[in-house]
Amino acid sequence: MTQRERQILQWIMEDPMISQEALAERAGITRSSVAVHISNLMKKGYIAGKGYVLRTGGYVAVAGAVNVDIGGRSHAPLVARDSNPGSVTISLGGVGRNIAHNLRLLGAEVSLLTALGEDVHAGEVMSSCESLGIDLSAALRVPGGTTSTYLFLSDQDGDMALAVSDMEIYRQLTPAYFARHLGVLNGAKLIVADANLPAESLAYLAEHCRPPLFVDPVSTIKGEKLRPILGKIHTLKPNRLEAELLSGVPITDRASLERAAACLLDTGLTRVFISLGEEGVFAAEQGQAVLVPACPAQVRNATGGGDAFTAALAWSWLEGQSLEDSARAAVAAAAIAVEGEKTINPVLSPEGVRGRMQK
């Protein structure tokens with residue numbers, strides 16, 4: 001699908017009764033050109049017939065952060081308050097964008113709802129998303145805004161030691177913004193959100209969107225936003241600390257893991273996947289729970305493992321996989337991700353994930 005086709009499809013989803021003349025006026029093109037784009041959308045299966053009958057459920061809507069990631073990795077053990085020789089890389093990241101990127105590597109169609117500034121980094125994000133096939137037509141452009149930036153420092157083993165983030169632009173992702181794009185959200189088969197969004201916007205997604213909602217808490221501080229809406233979330237992917245915070249249960253062993261998961265499920269959650277790092281993941285739904293060990297991996301960069309994990313959970317749900325197989329797919333994707341030099345490992349694929357699951 002071309003960028004123009006994505007744009008026209010979005011307008012049709014928001015207003016299925018819109019005329020070709022109105023579409024032409026919005027796009028700044030002729031009505032005959034609109035007719036050609038609509039014909040192409042019909043041939044590609046996005047529009048099923050007359051009256052703009054849409055084929056929904058063919059994509060994942062991801063709502064969350066896009067950042068410019070600046071990372072440093074020391075060649076030796078880090079020394080505080082000193083200059084550490086190492087290497088520095090600059091790449092595009094952000095939890096939402098990383099999940100979207102990993103979903104594209106896994107073969108899913110993705111629409112990304114996020115905020116971009118009016119700077120050179122926004123252009124880089126747009127160019128990258130276009131090349132990856134990530135639909136950015138619903139993204140918010142903030143006049144005079146600065147695209148979010150994330151700075152992290154890793155030790156010689158690739159484990160993150162410290163990070164600083166400038167995400168003020170995400171205050172612009174208000175409920176009113178998501179309301180304007182409710183057609184895009186409800187047209188998806190699945191929505192994945194991260195807790196970088198404002199609390200009121202997460203609540204809007206939970207209360208107004210029909211597709212299942214998957215949420216990554218991101219951190220203990222940001223995860224607190226989810227407490228009032230836990231019962232309206234389909235799948236939650238906390239780490240150990242986030243699960244302790246939201247459940248109120250200190251996790252020290254298998255029994256406490258089960259209690260924490262049960263407390264979370266009792267809120268109305270359908271599934272919870274508690275990431276345990278090197279110990280794997282504890283996955284649970286009503287009537288079933290499983291502890292899946294981590295896949296062996298040669299860690300080069302640990303920063304992208306969680307985002308690949310979440311993307312694989314979404315992909316597994318689209319594939320109709322069971323709770324256990326979803327957990328196995330998630331740890332497999334995370335293992336592949338951390339073996340890459342950068343936050344996103346381009347070798348991630350459905351075949352690669354399935355191969356790791358079988359080992």
Side-chain donor/acceptor of [X] to backbone N/O of [Y], under 3.5 Å:
| X | Y | value |
| --- | --- | --- |
| T267 | L264 | yes |
| D194 | G96 | yes |
| K225 | A195 | yes |
| N67 | Y150 | no |
| H101 | R97 | no |
| R300 | G340 | no |
| S148 | D166 | yes |
| R259 | C263 | no |
| S247 | A243 | yes |
| D155 | D157 | yes |

Practice item. Please lay out, stage by stage, how S326 and R271 fare under the test side-chain contact (heavy atoms from CB on, under 4.5 Å). Key: CA-CA 11 Å; S326 294; R271 283 181 170 182; 3.5 Å; yes
Closest heavy-atom contact between [X] and [Y]?
| X | Y | value |
| --- | --- | --- |
| D119 | G145 | OD2-O, 4.0 Å |
| L116 | A122 | CB-CB, 4.1 Å |
| R104 | A108 | NH1-O, 2.8 Å |
| G117 | I169 | N-CD1, 3.4 Å |
| W11 | R26 | CD1-NH1, 3.1 Å |

Before accepting this row, confirm whether a basic side-chain N of the pair [X]/[Y] lies closer than 4.0 Å to the acidic partner's carboxylate O.
| X | Y | value |
| --- | --- | --- |
| R240 | E279 | yes |
| E324 | R328 | yes |
| E207 | K232 | yes |

Practice item. Walk me through it: do S91 and T89 pass the test side-chain hydrogen bond (donor to acceptor under 3.5 Å, both in side chains)? Key: CA-CA 7 Å; S91 61; T89 60; 5.3 Å; no
Are more than 12 heavy atoms, taken from residues, nucleotides or ligands other than [X], located less than 6.0 Å from that residue's [atom1] atom?
| X | atom1 | answer |
| --- | --- | --- |
| E278 | CD | no |
| E200 | CD | yes |
| R254 | CZ | yes |
| E25 | CD | no |
| R141 | CZ | yes |

Point to revise | Option among L106, L112, I191, L318 that satisfies the side-chain contact (heavy atoms from CB on, under 4.5 Å) test with V60 | key: L318
Review point. For the side-chain contact (heavy atoms from CB on, under 4.5 Å) test, which of S128, C129, S111 pairs with I134?
Key: C129
Point to revise | Any P238 side-chain heavy atom under 4.5 Å of V272 side chain | key: yes
Exercise for review: Only counting residues at least two apart or in another chain, list the ones meeting ring-ring contact (aromatic ring centres under 6.0 Å, His included) with H37.
Suggested key: none
Exercise for review: Quick one: sort the F273 and F309 rings into parallel, tilted or perpendicular, breaks at 30° and 60°.
Suggested key: perpendicular
Practice item. Give the C-alpha distance, both sets of side-chain angles, the deciding distance and a yes or no for side-chain hydrogen bond (donor to acceptor under 3.5 Å, both in side chains) between N301 and K342. Key: CA-CA 6 Å; N301 188 336; K342 296 185 178 181; over 6 Å; no
Review point. Are V338 and V281 co-members of a hydrophobic cluster defined by side-chain heavy atoms under 4.5 Å apart?
Key: no
Exercise for review: Using the test side chain to side chain donor-acceptor pair (under 3.5 Å), find all partners of R356 that sit at least two apart in sequence or belong to another chain.
Suggested key: E339
Exercise for review: Using side-chain hydrogen bond (donor to acceptor under 3.5 Å, both in side chains) as the criterion, point out the one residue from Q7, R6, Q10 that pairs with S137.
Suggested key: Q10
Point to revise | D307 side chain to T310 side chain, donor-acceptor N/O pair below 3.5 angstrom | key: no
